[in-house]
Protein chains: 2
Amino acid sequence: MIPKQTVNMTDVARHSGVSIASVSRALRGEPGVSLVTRDRILSAARELSYVVSPEASRLSGGATGRVGVVVPRIDAWFYSTVLAGIADEFDTVGVDLVLCTLPDSAARHRFFEALPLRRKVDAVVVVSLPLTSRERTRIDQLNVPTVFVGGHHPDGNRSWIGIDDELAARQAVGHLLHIGHRDIAMIQAADDTDIPWATDQARISGFHHQMREAGLHDPTVVTVKWSIEGGSRGMEMLLSNSRLPTAVFCHSDEIALGALRTLRRAGVSVPQQISIIGVDDHPSAELTDLTTVAQPVRDQGQIAARKVLRQLTTDGVENDGAMTTLPTRLVIRGSTASPH
Amino acid sequence: MIPKQTVNMTDVARHSGVSIASVSRALRGEPGVSLVTRDRILSAARELSYVVSPEASRLSGGATGRVGVVVPRIDAWFYSTVLAGIADEFDTVGVDLVLCTLPDSAARHRFFEALPLRRKVDAVVVVSLPLTSRERTRIDQLNVPTVFVGGHHPDGNRSWIGIDDELAARQAVGHLLHIGHRDIAMIQAADDTDIPWATDQARISGFHHQMREAGLHDPTVVTVKWSIEGGSRGMEMLLSNSRLPTAVFCHSDEIALGALRTLRRAGVSVPQQISIIGVDDHPSAELTDLTTVAQPVRDQGQIAARKVLRQLTTDGVENDGAMTTLPTRLVIRGSTASPH
DNA sequence: CTGAAAGCGCTTACAG
DNA sequence: CTGAAAGCGCTTACAG
């Protein structure tokens, strides 16, 4: 006789002399089971080291115990750090994390058209994705609670967690102005999709507003791809101009790191000849002594996870629609100094 | 009338005028469906953007369409890059990735005792985890194909992909010897678990072997935690010695980056006063002009994914037990030079 | 090649 | 408080 591989609810029921209905109720802590029966069932379950089949549970109307996390890519500091924050929170409550990455537009298109997460998760966290209205509709069609992280302010009263990118830009530019710079350029990063990315827009608008308030108009702005290479290229563009600015506000630390590399190769000394500031507080910023505006990244992941878990436990009914904005903070290092 | 939330196999069957049995067969590419019928079914499924319910599928004996990926942590370059490689491959074949991170020993213990992946995935990829025999047994009890990535040579004929860490160390040390160094120290990194990590052992043994072959005995070795901080600390330890070595082999780039930071702060110039070499080719290595031994990281993820997918399509019967070793490559940059 | 039917292991009205 | 029964959406012998 071949022993059964797994013990199921029927085994527990037989063992405790009740119906599987009662077992199901007792195991989930549902009301409607007497204390004695409940105890008998629980100890039987323990004795048999029974584990509910998530498949069967789900199939008959229960939850999947899974939450989908959608990120553009994972091999970049920001995303992997947010993801780590999410994963930690999920782990503590035993929720499984189903990861979806959308590295290129083909993958992205496939994702939103096929909606592979459909029926597979109880909720979704969308990290740093500017969505078209079509894509937003598709996400809605998943018909599960959704939380957005960073980058993209969803319209309506959706659940969102992120930073104030305009303010972050203002803090960076404000620092440069404060220490005496007037000739400040920006290396702007733009996503290669057609969709305007809220983060990008907010950071450049913060730059322009802050400059204007200081009475400075038409500052130089170069636009590059969001990558170290892009930053490198952006600084080359600035170097090729007749006049070098005394300071450069870089859209992000990765842009700034590329810029620093170009400056090092060109033999331009930082901060003596030019000041550089970024945004993010990427681990490399500390290593390269880069002044930056830090944003809490792992926290954003943790808070997103908590938001989504809360919506799950409150039966998904409560869409709190809360927009949570986390503070950013100026971190002064060696890459900025007063002009001359 | 309330529209049905999700389209199921019955809908597809009705739409294409066949039974659900045929739909099931067609969708899984099983034989026993005529070409015409198959086409009709597939296009109906596409039209309805149908997705099989993994729950139902699994419950009736099919696969889950999910593969578990276990990584120590995800907010570190190596792991997130491996993961990106895996995710890409899975994406192309529509396999869902269930992510498990084991950031601390509590999480790790929970994972191996509760085995949360049980009955939830068709296969598992284990990244860079040195396993105790107890843990290996538990993984086996998942009773699904398993592939190991990096770090840990599994015993027996398991599926494994990684680099030759001893050789990588030899390449690094060989370079230092080749350009004339004789006084070479190592900053070794050790994991904080009790289990000896194969990677660590191999790199230090490569160092010692290569030194011995050059007639150099008892080189200085300091051991620190595997992190930038650790590297920083390690270099502080070396600086506090009476005699500074002319070159330092760092266990990994992250260690080397920490070491470089300490040297910069101490005003010791690289490579004039001391040469530094790492292992990995971390993105920051290029930024900081660090000489290193590069390993293909994303490739390891991709190959692991392919291995596991192959085992899945060949019905899990074929445990090829293939150990795949990827080549490493010396990348000479500005942090190493001949002594004096 | 195709379909009717049993069954996977649960949850949840519905009765008692 | 308790149980019999329907049903979740699939896969897989078993017949045709």
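Quick caveat, the model's predicted, so the values are computed rather than measured. We name chains A, B, ... by the order of the sequence lines, and we start the count at 1 in each one.
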Colleague: Hey, is Arg298(A) close enough to Glu89(A) for a salt bridge, meaning N to O under 4.0 Å?
Modeller: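 So Arg298(A) does not pair with Glu89(A) through a salt bridge.
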Colleague: Return the minimal non-hydrogen interatomic distance between Val23(B) and Ala13(B), and the atom names on each side.
Modeller: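 Taking every non-hydrogen atom into account, CG2-CA, 3.6 Å.
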Colleague: Going by the rule side-chain contact (heavy atoms from CB on, under 4.5 Å), which residues pair with Thr137(A) if we only count those two or more places apart in sequence or in a different chain?
Modeller: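 Here the qualifying residues are Gln141(A).
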Colleague: Of all residues at least two apart in sequence or in a different chain, which pass the side-chain contact (heavy atoms from CB on, under 4.5 Å) check with Ser34(B)?
Modeller: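 Testing Ser34(B) for side-chain contact (heavy atoms from CB on, under 4.5 Å), a comparison that skips the adjacent residues, returns Val36(B), Thr37(B).
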Colleague: Does any part of the side chain of Asp122(A), heavy atoms only, come nearer than 4.5 Å to the side chain of Val144(A), both counted from C-beta?
Modeller: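 Val144(A) vs Asp122(A): side chains apart.
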Colleague: Does Asp11(B) reach the side chain of Arg14(B), with side-chain heavy atoms less than 4.5 Å apart?
Modeller: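 The answer is yes; the side chains approach within 4.5 Å.
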Colleague: Give the residues of residues 31-44 of chain B touching DNA chain D, defined as any heavy atom closer than 4.0 Å, sorted by residue number.
Modeller: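 Listed by number, there are none.
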Colleague: For Asp299(B), check side-chain contact (heavy atoms from CB on, under 4.5 Å) against everything at least two apart and list the hits.
Modeller: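 Asp299(B) satisfies side-chain contact (heavy atoms from CB on, under 4.5 Å) with Pro296(B), Gln302(B), Leu326(B) once adjacent residues are dropped.
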Colleague: To the nearest Å, give me how far apart CZ (Arg14(A)) and P (dA4(D)) are.
Modeller: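 After rounding, the reported distance stands at 14 Å.
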Colleague: Pairs counted as Watson-Crick or G-U wobble with both distances under 3.5 Å: what dot-bracket string results for DNA chain D, using | for bases tied to another strand?
Modeller: |||.||||||||.|||
Colleague: Closest heavy-atom contact between Ile41(B) and Ser22(B)?
Modeller: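 Taking Ile41(B) first and Ser22(B) second, the nearest heavy atoms are CD1-O, 3.7 Å.
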Colleague: Reading nucleotides 8-16 of chain D from the 5' end, what letters show protein touch, with B for base, S for backbone sugar-phosphate only, - for no heavy atom under 4.0 Å?
Modeller: BBBBBB---
